[in-house]
Amino acid sequence: MSRVYNPSDYVVEKSRIKSLNKYKEMHAKSLEDPEAFWSEIASEFYWQTPHQAGKFVSYNFDINKGNIFVKWMEGAVTNVCFNLLDRNVRNGYGDKIAYYWEGNCPEDYSRVTYRKLMDLVCQFANALRDSGVGKGDRVSIYMPMILETIVCMLACARIGAVHSVVFAGFSSDSLAERMSDCKAKVLVTSDGAWRGSKLLELKKICDEALDKAKDKYNHTVDMCIVVSHLARVTPCGNLPDDIKSLYKWNEDRDMWWHEMIEGQSTICPPEWMDAEDPLFMLYTSGSTGKPKGVLHTTAGFLLYATATFRYVFDYRDKDIFWCTADVGWITGHSYVVYAPLANAATSVMFEGTPFYPDNDRYWSLVEKYRVTQFYTAPTAIRALTKFGDDYVKKHNLKTLRVLGSVGEPINPEAWLWYYSLIGNNRCSIVDTFWQTETGGHVLTSLPGATPMKPGAAGYPFFGVHPILLDDNGKEVEGPGEGYLVFSRPWPGIMRTLFGDHDRYEKVYFSKFPGYYCTGDGAKRDEDGFLWVTGRIDDMLNVSGHLMSTAEVEGVLTEDPRVSEAAVVSKPHPVKGESLYCFVILNDGAKFDSDLVDCLKRRVRQRIGAFAAPDVIQYAPGLPKTRSGKIMRRILRKIALGDHDIGDTSTLADPSIVDELFKNRP
Ligand code: WT7
């Protein structure tokens with residue numbers, strides 16, 4: 001039994017919901033009468049047309065009854081950007097700071113108010129419109145953590161274009177595939193950026209990706225818009241005298257951001273959007289390899305981002321919120337961009353890394369900006385615990401009230417370090433479980449309201465009804481373990497996979513008809529806490545980055561020397577999981593350090609640096625069932641060096657197991 005931590009008086013005093021009973025009462029009401037709960041949030045926003053009576057929510061989660069669909073506030077017409085900016089300016093927040101921007105180098109920082117942000121967004125939105133970008137067009141974004149990234153996303157929302165942000169740690173191959181899949185009209189990037197002392201040559205990667213999109217997928221992106229960023233920030237490493245030598249410039253295709261907005265008006269009428277019109281799409285890894293373009297729509301996403309931010313972080317008017325996630329992931333979409341602005345919040349946006357110029361960067365920024373809510377990932381926490389407590393102790397972290405965790409289960413040691421050292425034994429920790437697909441938090445603690453257990457995600461958010469199913473699809477009542485599924489939608493759940501509704505139905509709704517299947521396992525303990533136990537499909541979670549075994553295996557077998565590959569996850573003290581790869585070679589190929597380096601490099605290049613394998617092992621064969629299915633369970637044991645492998649009788653050739661143990665590097 002793990003210890004229960006109750007919210008401290010310090011947190012309770014300031015929180016909106018002050019007891020578990022109050023939370024339970026609100027949660028029950030949100031399920032009984034979703035319209036009552038969500039229309040209260042909706043009433044804060046501007047609607048050009050209200051939703052149709054009796055059509056607040058409609059859905060079908062049962063593929064046996066027809067197509068899967070989810071609709072919230074059907075008939076309503078609004079614009080998300082207008083609600084985030086114009087509405088707040090009109091409500092008197094024009095001079096409030098929307099973002100403190102902190103560059104990679106501590107000397108580079110700036111701030112932007114709500115009014116200024118609105119002006120910048122309108123100018124860029126006008127520039128996009130002038131270039132022929134309009135409602136429904138896709139805009140790919142491959143950017144560092146700079147204000148223009150937010151401006152660009154909101155400008156798209158303003159004119160009804162669908163942004164597709166690709167994390168700027170992805171390779172040119174990944175970017176090409178994503179731009180081509182959504183048939184992007186425009187790509188927006190910057191010349192480059194610094195991450196620590198490393199220079200990211202973003203425009204160069206985009207040049208390669210644009211070529212590959214054409215050659216490999218026959219897709220031409222009309223325009224590439226480039227922010228001139230490197231010249232305005234302090235160089236943190238070697239930079240050529242002529243920055244322009246870092247990339248090619250294609251006069252027919254490339255445009256400078258600053259030239260495009262020159263002379264543009266700061267007035268830009270928003271495109272009025274239907275509640276279910278797309279707001280954005282974001283790719284996430286699929287277990288069969290090809291990335292899935294998760295699509296979120298207008299009204300539902302707005303409601304859900306707004307409500308989760310308000311209750312989960314208990315944000316108050318004078319608070320300073322900081323989510324360290326990159327805008328390239330859903331966490332950045334929801335909790336760097338949309339949710340804070342919808343709540344007229346002030347946030348910190350940070351371009352750099354926790355380790356530059358020194359390992360106390362995060363804590364120095366909490367102190368500098370007087371951060372009240374801090375939201376990061378377990379992998380970052382584990383990495384920072386390594387450096388000892390002195391880096392933390394030299395900073396004043398007294399402003400903190402709520403500490404968030406996201407991306408993977410947080411191990412109790414990291415939780416306790418976060419709680420005691422960063423949170424001074426008095427902050428609430430919210431371990432937020434959610435997915436790109438869910439749009440916002442679905443399981444979490446609530447500050448002031450719910451007790452906490454280290455490693456438990458806690459309780460469902462309002463409007464969310466989690467269910468655990470056993471292998472036969474039977475609901476597990478009370479304490480127990482099973483597949484984590486949902487039988488009804490909340491406003492922020494994705495609506496489809498871009499261009500592939502069949503795959504959407506197949507991946508998420510076919511395993512258990514009537515339920516949305518998360519792909520995670522979970523258990524419910526005696527006290528009603530939910531614990532997420534991790535992915536039950538062939539997915540890996542390395543430092544919070546989700547990828548599929550099939551995706552990595554596909555890259556490994558591209559090498560002509562490799563005939564077959566099997567990838568499993570091995571627990572890692574900092575990254576959570578790491579990649580352990582088994583490769584079978586073609587006749588005549590040699591297994592040596594050159595091959596290992598080559599394969600590691602290939603994965604980095606094809607997917608991204610975060611996917612680099614830790615181990616490549618030579619395999620004379622793989623443990624397969626007679627039907628040919630690889631038994632990954634056994635490979636995971638071999639990766640661990642754990643000989644307790646259980647039953648091998650279903651293997652076609654059990655002797656292979658011993659050989660693999662002998663071959664461990
Ligand atoms: C997968 C979703 C949504 C934020 C970033 C990742 C795992 C996420 C937690 C948590 C345990 C977690 C799950 C989930 N996950 N948060 N608090 N506790 N597991 O988004 O790339 O769509 O990944 O991340 O396995 O399915 P994503």
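First listed ligand is number 1; within each ligand, the first listed atom is number 1. Throughout, residue positions are numbered sequentially from 1 according to the sequence presented.
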Report task. Measure the distance from atom 2 (C) of ligand 1 to every protein heavy atom, then report the residue, atom name and distance (to 0.1 Å) of the closest one. Result -> W434 O, 3.7 Å
Query raised in the report: Given W434, which of W490, Y335, Y304, W329 fulfils the ring-ring contact (aromatic ring centres under 6.0 Å, His included) condition?
Result: Y335
Query raised in the report: For ligand 1, which atoms sit closer than 4.0 Å to a heavy atom of V406?
Result: 4 (C)
Report task. Write out the residue and atom name of the closest protein heavy atom to atom 5 (C) of ligand 1, then the distance separating them to 0.1 Å. Result -> T331 OG1, 3.5 Å
Requested in this report: Provide, to 0.1 Å, the distance between atom 7 (C) of ligand 1 and the closest protein heavy atom, together with that atom's residue and name.
Outcome: G407 O, 3.3 Å
**Report entry** Ring centers of Y100, F350 separated by less than 6.0 Å
**Finding:** no
Query - Heavy-atom nearest option to atom 19 (N) of ligand 1, drawn from E408, H545, H333 - result: E408
Query - R535 N/O to ligand 1 N/O under 3.5 Å - result: yes
Report summary line: Per-atom filter on ligand 1: closer than 4.0 angstrom to a heavy atom of N541 are 7 (C), 24 (O)
Query raised in the report: For the rings on F321 and F309, is their centre-to-centre separation under 6.0 Å?
Result: yes
Query raised in the report: Does any N or O atom in D520 lie less than 3.5 angstrom from one in ligand 1, N or O only?
Result: yes
Report summary line: atom 11 (C) of ligand 1: of G521, G576, P409, the nearest heavy atom sits on P409
Requested in this report: Taking only Lys NZ, Arg NE, NH1 and NH2, and the carboxylate oxygens of Asp or Glu, determine whether E577 and R535 approach each other closer than 4.0 Å.
Outcome: no
Report task. Kindly indicate whether the side chain of N411, heavy atoms from C-beta on, has any atom under 4.5 Å from the side chain of R382. Result -> yes
Query raised in the report: How far is atom 27 (P) of ligand 1 from its nearest protein heavy atom, and which residue and atom is that?
Result: T436 OG1, 3.5 Å
Report task. Report yes if T432 has an N/O atom closer than 3.5 Å to an N/O atom of ligand 1; otherwise report no. Result -> yes
Query - pair H441-F313: side-chain heavy atoms closer than 4.5 Å - result: yes
Query raised in the report: Atom CG of L403 and atom OH of Y418: how far apart are they, to the nearest 0.5 Å?
Result: 4.5 Å
Requested in this report: Please confirm whether Y516 and F61 have ring centers closer than 6.0 angstrom.
Outcome: no
Report task. Give me the ring orientation class for F374 and Y362: parallel if the planes are under 30° apart, tilted from 30 to 60°, perpendicular past 60°. Result -> perpendicular
Report task. Go through Y369 and E102 one step at a time and tell me if the side chain to side chain donor-acceptor pair (under 3.5 Å) criterion holds. Result -> CA-CA 10 Å; Y369 293 108; E102 171 89 10; 2.6 Å; yes
Requested in this report: For atom 23 (O) of ligand 1, grab the closest protein heavy atom and report residue, atom and distance to one decimal in Å.
Outcome: L546 CD2, 3.5 Å
Query raised in the report: Hey, does W329 sit under 4.0 Å from ligand 1 if you only count heavy atoms?
Result: no
**Report entry** ligand 1 contact on L443 by region, counting heavy-atom pairs under 4.0 Å
**Finding:** neither
Query raised in the report: Between V532 and ligand 1, does any nitrogen or oxygen pair lie at a separation below 3.5 Å?
Result: no
